[in-house]
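Presented below is the structure to which this report refers.
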Amino acid sequence: MTTLQTQNKEWGFWGTASNYTGKDNMAEIWEAAFKIIQDKAGFTPQETLGLMDSRWGRHTADEFAEEISCDLETFIKAFKRKMTKDRLHRDFNYYVDADAYKPTKATRRYENFAKDLAKLTKTYGIVIKSIGGVSLSSQEDLKNFKGYTTDLESGDLEPVWKEN
């Protein structure tokens, strides 16, 4: 895997992240972020550099300011967790090249679900917080779907399936 050097040491990811850490370990943070982005999104080195040196890099460094200021391990754990292929492709399309990565059918379904769920949240005043609690189901699978649990005391929202 090739890591390219920043062309934007004043702004972008490098310039902004260096405000939160010492200049001595900035190269390690850059290399770790570069590798994670390539691993998650499958970007070429040039695409990764383009994203990190763009406004995205500045905004992302600000988003991870606390983790960057802690230590490299803390940053890597948080960055790996939050950087998904879909997020990186969507961000690349927004900040670098609008036509580079088309969303998949599953991505569009999930985004539409999130929009509809936001409307339901506003209607009923119930906000759902879930980390990693999503699974995509086929129409065949959904034939056995009955609904969700309604245990308000625990706050758990679990799918209920018909028993076979």
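Using a 4.5 Å cut-off on side-chain heavy atoms (C-beta onward), V96 and E47 make no contact. Between V160 and T149, the closest side-chain pair of non-hydrogen atoms falls below 4.5 Å. In this structure, the side chains of K77 and E67 stay at 4.5 Å or more apart for every pair of heavy atoms. Using a 4.5 Å cut-off on side-chain heavy atoms (C-beta onward), D86 and E111 make no contact. Looking at L88 and W56, their side chains come closer than 4.5 Å, going by heavy atoms from C-beta outward.
When all heavy atoms of M26 and T21 are compared, the closest pair comes out as SD-CG2, 3.9 Å. Taking each heavy atom of S137 and L142 in turn, the nearest pair found is CB-CD2, 3.9 Å. Of all heavy-atom pairs spanning D53 and N8, the tightest one is O-ND2, 2.8 Å.
The aromatic rings of F75 and F13 are tilted relative to each other, their planes meeting at an angle between 30° and 60°.
When atom types are taken as modelled, the side chain of S18 and the backbone of G15 share a donor-acceptor pair closer than 3.5 angstrom.
Other residues, nucleotides and ligands contribute over 12 non-hydrogen atoms within 6.0 Å of the NZ atom of K40.
With no hydrogens or angles considered, no side-chain donor-acceptor pair links T16 and N19 at under 3.5 Å.
Y148 is linked by a ring-ring contact (aromatic ring centres under 6.0 Å, His included) to F145, counting only residues two or more places apart in sequence or in another chain.
Sorted by first and then second residue, the ring pair (Phe, Tyr, Trp, His ring centres under 6.0 Å) pairs involving residues 15-51 (not counting sequence neighbours) are W14-W30, W30-F34, F43-H89, F43-F92, F43-Y101.
The residues K35 and D39 are annotated as salt-bridged, a charged nitrogen and a carboxylate oxygen being separated by less than 4.0 angstrom.
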